[in-house]
Amino acid sequence: MAKTALITGITGQDGAYLAQLLLSKGYEVHGLARRSSTSDVNLSRLQWLGIEKDVRIVDGDLLDLSGLVRTVTDIKPDEFYNLAAQSFVASSWQQPLLTGHVTGLGVTNALEAIRLAKPDTRFYQASSSEMYGLVQQPVQSETTPFYPRSPYAVAKLYGHWITVNYRESFNIHASSGILFNHESPLRGIEFVTRKVTDSVARIKLGLAKELRLGNTSAKRDWGHAKDYVRAMWLMLQQETPDDYVVATGRTSTVRTMCEIAFSHVGLNIDDHLVIDEALFRPAEVEILLGDPTKAKTKLGWDTSVSMEDLIREMVDADLARHRKA
């Protein structure tokens, strides 16, 4: 029989790519989505991938435990992927309580729903490299101490440790992927990579003149979301649950990423980049560099898209969007 999966955050970048992967493997895919009174669920990313008619959208909210219990009872998922969060780091300083409730306590609700309704469901928690924050080791692995530097990172750390706790307390097959930065053409415009590629596309087409950024010396370990969702799936196929760093093992500055984008369309970065101090974070994470050795050796996982090709793909997608508009 085909496996059944439930994905929270299915309308986001990772949720869409994960749904596509699971569908290709014959899964029946359900996605939990929160509706508002003013609009329907945004299925644009699923539509971009051409799979919006292949997934089953379920009304729900991570903050509603009773609703999650009913959903798990009805769907009986073999695998539950928790990708939903208030995931924009900059906004977490403006909305720390909301971030804590959704990104932190929401994980407990998901795990509690599994414990109460179907304890043999395998659970994946989307942890984050932002938990390392003020890095305690030059290269971050599963054993590197955490030092979160934003309300988002603090909430993610709670979600990470409550996943470990439910695994050890209730014998739930619960794994966490400590994912470093991963991007794609489906990335939201509020994230720096997509802000860069969208701005570069608009500048190239004469729709804008400048790109305004904050700290361009910050370094990140960037990979492609398609590769990273494959790691999520591999974790839930293991006999024993565990936690894994998912990263490329290579770090680059924000400026280097910008240079790749501008160069791809034949523009000089110094003619258009403006540093705006108002865009600096209250507490910056200067460098993140992951060690994916465990994921490579135990899961057989590896990356397939370089950072350079990723940025070029994103620029091309944004050029196509604006030409079509």
> What pairs with D276 under salt bridge (Lys or Arg N to Asp or Glu O under 4.0 Å), at least two apart in sequence or on another chain?
Replying inline: R212
> Mind checking what makes side chain to side chain contact (heavy atoms under 4.5 Å, CB included) contact with D120, not counting sequence neighbours?
Replying inline: K118
>> Please tell me whether L319 and L211 are part of a single hydrophobic cluster in this structure, the criterion being side-chain heavy atoms less than 4.5 Å apart.
In response: yes
>> Restricting to side chain to side chain donor-acceptor pair (under 3.5 Å), what partner residues turn up for R250, sequence neighbours left out?
In response: E308
>> I need the single residue from L267, D198, V265 that forms a side chain to side chain contact (heavy atoms under 4.5 Å, CB included) with I203. Which is it?
In response: L267
> If you look at every heavy atom in A201 and H322, which pair is closest and at what distance?
Replying inline: CB-CD2, 4.1 Å
> For the side chain of E142 and the backbone of V245, is there at least one donor-acceptor N/O pair under 3.5 Å apart?
Replying inline: yes
> Is E79 salt-bridged to K25, going by a charged N under 4.0 Å from an acidic O?
Replying inline: no
>> Quick check: is L279 connected to V254 through a chain of hydrophobic side chains (ILVMFWY, heavy atoms under 4.5 Å apart)?
In response: no
> Is the backbone of A84 close enough, under 3.5 Å, to the side chain of T8 for a donor and an acceptor to pair up by distance?
Replying inline: yes
>> If only side-chain N and O atoms count, and only distance matters, is there a donor-acceptor pair under 3.5 Å linking T251 with D221?
In response: no
>> Does this structure show an ion pair linking K219 with E286, if we count only N-O contacts that are shorter than 4.0 Å?
In response: no
>> Are L22 and I7 packed together at the side-chain level, in the sense that at least one heavy-atom pair is separated by less than 4.5 angstrom?
In response: yes
> Taking the side chain as C-beta and beyond, is there a heavy-atom pair between H264 and I311 under 4.5 Å?
Replying inline: no
> Atom SG of C258 and atom CG of L273: how far apart are they, to the nearest 0.5 Å?
Replying inline: 6.0 Å
> So, do W161 and N165 sit near enough that their side-chain heavy atoms are less than 4.5 Å apart?
Replying inline: no
> Does a side-chain N-to-carboxylate-O contact under 4.0 Å join D318 and R202?
Replying inline: no
> Just by distance, do the side chain of K76 and the backbone of T73 share a donor-acceptor pair under 3.5 Å?
Replying inline: yes
> Taking R255 as the fixed residue, which of I260, L213, T216 is the one that meets the side chain to side chain contact (heavy atoms under 4.5 Å, CB included) rule?
Replying inline: T216
>> Distance to the ring centre below 6.0 angstrom and angle to the axis at most 45 degrees; does that hold for K294 and Y244?
In response: yes
> Between the main-chain N or O of S184 and the side-chain N or O of Q13, is there a donor-acceptor pair closer than 3.5 Å?
Replying inline: yes
>> Checking V135 against Q140 for the side chain to side chain contact (heavy atoms under 4.5 Å, CB included) test, could you report, in this order, the C-alpha distance in whole Å, the side-chain angles of both residues, the deciding distance, and whether it holds?
In response: CA-CA 8 Å; V135 295; Q140 297 86 57; 3.6 Å; yes
>> Holding to side chain to side chain contact (heavy atoms under 4.5 Å, CB included), I want the full list of residues that pass it with Q86, two or more places apart in sequence or in another chain.
In response: F88, S91, S92, T99, T103
>> For the backbone of W233 and the side chain of Q237, can you confirm whether one donor and one acceptor N or O come within less than 3.5 Å of each other?
In response: yes
> Just checking, is any N or O donor in the side chain of D227 or T303 under 3.5 Å from an acceptor N or O on the other one?
Replying inline: no
>> So which atom in A19 and which in V55 form the shortest heavy-atom distance, rounded to 0.1 Å?
In response: CB-CG1, 4.1 Å
>> Within this structure, what is the OG1-CG distance for the pair T197 and D316, rounded to the nearest 0.5 Å?
In response: 10.0 Å
>> Rounded to the nearest 0.5 Å, what separates atom CD in Q20 from atom CG in L23?
In response: 8.0 Å
> Any chance CG of N171 has more than 12 other-residue heavy atoms, nucleotides or ligands included, within less than 6.0 Å?
Replying inline: no
> Closest approach of A153 and E130, non-hydrogen atoms and distance?
Replying inline: CB-O, 3.3 Å
> Does R45 come within less than 4.0 Å of E52, counting only side-chain N to carboxylate O?
Replying inline: no
>> Between W301 and L236, is there shared hydrophobic-cluster membership here, with clusters defined by ILVMFWY side-chain heavy atoms closer than 4.5 Å?
In response: yes
> Can you list the other members of the hydrophobic cluster that holds L134, where links are side-chain heavy atoms under 4.5 angstrom apart?
Replying inline: Y147
>> Tell me every residue that passes ring pair (Phe, Tyr, Trp, His ring centres under 6.0 Å) with H173, counting only those two or more places apart in sequence or in another chain.
In response: none
> Which residue pairs pass the salt bridge (charged side-chain N to carboxylate O under 4.0 Å, His left out) test when at least one of the two sits in residues 145-170, sequence neighbours left out?
Replying inline: R167-D243
>> Please check if the number of heavy atoms outside W48 that lie under 6.0 Å from its CH2 is greater than 12.
In response: yes
> So which heavy atom on D14 is nearest to which on V229, and how close?
Replying inline: O-CG1, 3.5 Å
> Within the side chain of T253, is there an N or O that forms a donor-acceptor pair under 3.5 Å with the backbone of T256?
Replying inline: yes
> Other than L116, which residues form its hydrophobic cluster under the rule that side-chain heavy atoms must be closer than 4.5 Å?
Replying inline: L65, V69
> Looking only at heavy atoms, which two atoms of L299 and A231 are closest? And how far apart?
Replying inline: CD1-O, 4.2 Å
>> Minimum heavy-atom separation for P185 and Y17, please, with both atom names.
In response: CD-OH, 3.8 Å
>> If the test is side-chain hydrogen bond (donor to acceptor under 3.5 Å, both in side chains), which one of R220, H182, R187, E183 qualifies with T193?
In response: E183
> With S24, which residues qualify under side chain to side chain contact (heavy atoms under 4.5 Å, CB included), at least two apart?
Replying inline: L21
>> Checking F180 now: which residues fulfil ring pair (Phe, Tyr, Trp, His ring centres under 6.0 Å) with it, not counting sequence neighbours?
In response: Y132
>> Rounded at 0.5 Å granularity, tell me how far CZ in R34 sits from CG in N42.
In response: 12.0 Å
> Do you reckon F191 sits in the same ILVMFWY cluster as F262, going by side-chain contacts under 4.5 Å, direct or chained?
Replying inline: no
>> My understanding is that a hydrophobic cluster links ILVMFWY residues whose side chain heavy atoms are under 4.5 Å apart, including indirect links. Using that, what else belongs to the cluster containing I75?
In response: L6, L32, V58, L62, L68, V72, F80, L105, V107, L111, I114, F123, Y158, I162, Y166, F170, I172
> In the single-linkage hydrophobic clustering (I, L, V, M, F, W, Y; side-chain heavy atoms under 4.5 Å), do M131 and W93 co-cluster?
Replying inline: no
> Other hydrophobic cluster members with V139, side-chain heavy atoms of Ile/Leu/Val/Met/Phe/Trp/Tyr under 4.5 Å, chained?
Replying inline: L289
>> Looking only at side-chain N and O atoms, does S175 offer a donor or acceptor that is under 3.5 Å from a partner on D242?
In response: no
> With distance as the sole criterion, is a donor-acceptor pair present between the side chains of H224 and D309 under 3.5 Å?
Replying inline: no
